[in-house]
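Counting begins at 1 with the first residue of the sequence. Any value given below was found using the heavy atoms of this structure, including those in side chains, with hydrogens, waters and symmetry copies removed.
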Amino acid sequence: MPLTFNWSIVWWVVGIVVVLIFALRYIIIVRQSTAVIVERLGKFSRELKPGLHFLIPILDSVRAVVDLREQAWDYPPQAVITKDNVPTSIDIVLYYYLTDPVKSVYEVRNLNEAILKLTMTSIRNISGSLNLDELLVSRENVNNELTQIVDVATDPWGVKVTRAEIKSVNPPAEILEAMTRQMKAERTKRAVILEAEGQKEAEINKAEGEKQAAILRAEGDRQQRILSAEGEAQALITVANARKEATIAYFQGIHEGGASQDVLALKYMETLEAISANPANKVFLPYESSALLGSLGTIKELFKDVSSEPAPLVSKAKGK
């Protein structure tokens with residue numbers, strides 16, 4: 001009995017395969033941080049967000065799948081010439097992300113290449129306005145300026161540039177050698193200057209110390225002399241007070257003993273003579289100056305009487 005081929009099974013298999021193909025092509029699952037651009041009959045239709053989506057077979061088609069995450073574009077080293085005509089190469093990393101996937105697809109033909117060309121021309125313009133030394137020490141300023149320029153230029157493409165970083169600046173070998181010699185000479189100069197300044201500071205400190213020591217010695221001598229003079233003055237005052245008290249006690253004893261005015265006058269004179277013998281003492285007339293002068297007058301009369309008495313005796317002797 002001959003075998004018969006069942007075409008119905010074949011058609012069922014073909015139908016299932018076609019359905020699977022359409023299902024795989026027109027049933028789309030969009031992942032997180034991803035956008036899918038869909039066209040209908042060659043015209044932009046919609047942007048698919050993350051999730052499950054169905055497309056109309058034959059009419060709808062996927063134009064592009066766009067990654068919305070931030071990207072780091074590491075450019076190859078770019079040859080530039082600085083303001084002082086030094087050829088060098090700069091290695092740059094650019095960070096950006098897409099803010100509008102539709103613009104990134106329809107507003108520019110090749111987004112990465114366009115950003116590359118724009119970054120290259122911008123960094124060459126910035127480097128041409130700076131000397132090599134300025135380029136080496138002003139990386140942060142160059143990064144900020146480059147970020148601002150590229151961000152403004154790529155905004156119509158739906159791109160947001162977050163930052164640009166210069167990885168390295170590589171001058172020619174002979175320039176590096178000259179810079180090394182210059183740096184060595186500069187450091188030697190700084191060392192000499194610092195050593196001279198140190199010696200200067202040491203001499204100043206030494207002179208200042210000697211000055212302070214001389215001032216302190218002079219102040220010590222002055223204080224010593226002042227204290228010595230004060231001690232001598234205090235001693236003289238003490239001696240004078242003692243003599244004063246002794247004199248007062250002496251005269252009080254004489255007054256209490258009933259001495260006459262003539263004796264008191266003589267004692268006053270002796271006391272004044274003793275006091276005035278010391279050049280450091282000052283003599284003041286006592287309060288009883290009128291009585292003293294009266295007593296002096298009395299003493300003078302007594303001396304006259306005494307001197308006049310021997311005269312008759314001599315004359316009598318001559319007469320004999």
Side-chain angles (χ1 to χ4, degrees), residues 72 74-75 77-95 119 122-151 161-242 278-282:
D74 190 359
Y75 296 102
Q78 303 298 317
V80 299
I81 298 178
T82 61
K83 185 178 179 180
D84 50 353
N85 297 323
V86 178
T88 184
S89 62
I90 300 179
D91 195 0
I92 304 172
V93 179
L94 192 70
Y95 297 86
T119 305
S122 299
I123 193 60
R124 287 173 181 172
N125 292 335
I126 295 173
S127 301
S129 62
L130 298 174
N131 295 327
L132 179 61
D133 294 337
E134 296 174 348
L135 182 61
L136 292 174
V137 300
S138 305
R139 291 191 181 186
E140 184 175 358
N141 295 334
V142 174
N143 292 338
N144 295 333
E145 186 176 357
L146 180 61
T147 301
Q148 184 177 3
I149 293 173
V150 179
D151 183 38
V161 177
T162 56
R163 63 189 182 276
E165 297 291 340
I166 296 179
K167 292 174 58 178
S168 62
V169 179
N170 304 311
E174 58 272 12
I175 300 298
L176 289 176
E177 183 180 357
M179 292 174 62
T180 302
R181 291 198 302 268
Q182 180 182 1
M183 180 182 64
K184 183 178 179 180
E186 185 68 23
R187 292 185 180 275
T188 303
K189 174 185 174 182
R190 291 180 183 177
V192 173
I193 292 175
L194 290 176
E195 183 179 359
E197 290 180 351
Q199 293 178 356
K200 177 183 176 181
E201 291 292 335
E203 293 295 333
I204 292 174
N205 292 334
K206 182 179 179 181
E208 188 69 23
E210 293 177 353
K211 175 184 175 182
Q212 293 294 333
I215 292 174
L216 292 176
R217 285 195 297 269
E219 185 67 22
D221 294 340
R222 174 175 169 271
Q223 292 294 334
Q224 182 180 1
R225 292 178 183 179
I226 291 174
L227 293 175
S228 178
E230 289 178 352
E232 293 179 358
Q234 190 65 33
L236 293 176
I237 291 172
T238 302
V239 172
N241 290 334
N278 190 351
N281 294 332
K282 294 182 179 180

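Minimum heavy-atom separation, Tyr75 to Leu94: OH-CD2, 3.2 Å.
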Check residues 131-147 and write down every donor-acceptor pair under 3.5 Å in which the side-chain atom is one partner and the other belongs to a residue at least two apart or another chain.
from   : atom 1 : to     : atom 2 : distance (Å)
Glu134 : OE1    : Asn131 : N      : 3.2
Ser138 : OG     : Glu134 : O      : 2.9
Asn143 : OD1    : Ile166 : N      : 3.1
Asn143 : ND2    : Arg139 : O      : 3.1
Asn143 : ND2    : Glu165 : OE1    : 3.4
Asn144 : ND2    : Glu140 : O      : 3.2
Thr147 : OG1    : Asn143 : O      : 2.7
Thr147 : OG1    : Ala164 : N      : 2.9

Listing, residues 192-218 side-chain donor-acceptor contacts under 3.5 Å, not counting sequence neighbours, or none:
from   : atom 1 : to     : atom 2 : distance (Å)
Asn205 : ND2    : Glu201 : O      : 3.0
Glu208 : OE2    : Gln212 : NE2    : 3.3

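Not counting sequence neighbours, Arg124 has no partner by the salt bridge (charged side-chain N to carboxylate O under 4.0 Å, His left out) test. Scanning for side-chain hydrogen bond (donor to acceptor under 3.5 Å, both in side chains) contacts around Lys167 gives Asp74, with sequence neighbours left out. Residues meeting the side-chain hydrogen bond (donor to acceptor under 3.5 Å, both in side chains) test with Asn125, sequence neighbours left out: none.
Distance alone, capped at 3.5 Å, is enough to place a donor-acceptor pair between the Thr88 side chain and the Asn170 backbone.
Among residues at least two apart or in separate chains, side-chain hydrogen bond (donor to acceptor under 3.5 Å, both in side chains) pairs with a member in residues 223-239 are Glu219-Gln223.
To the nearest 0.5 Å, atoms OG1 (Thr82) and CD1 (Ile90) are separated by 9.0 Å.
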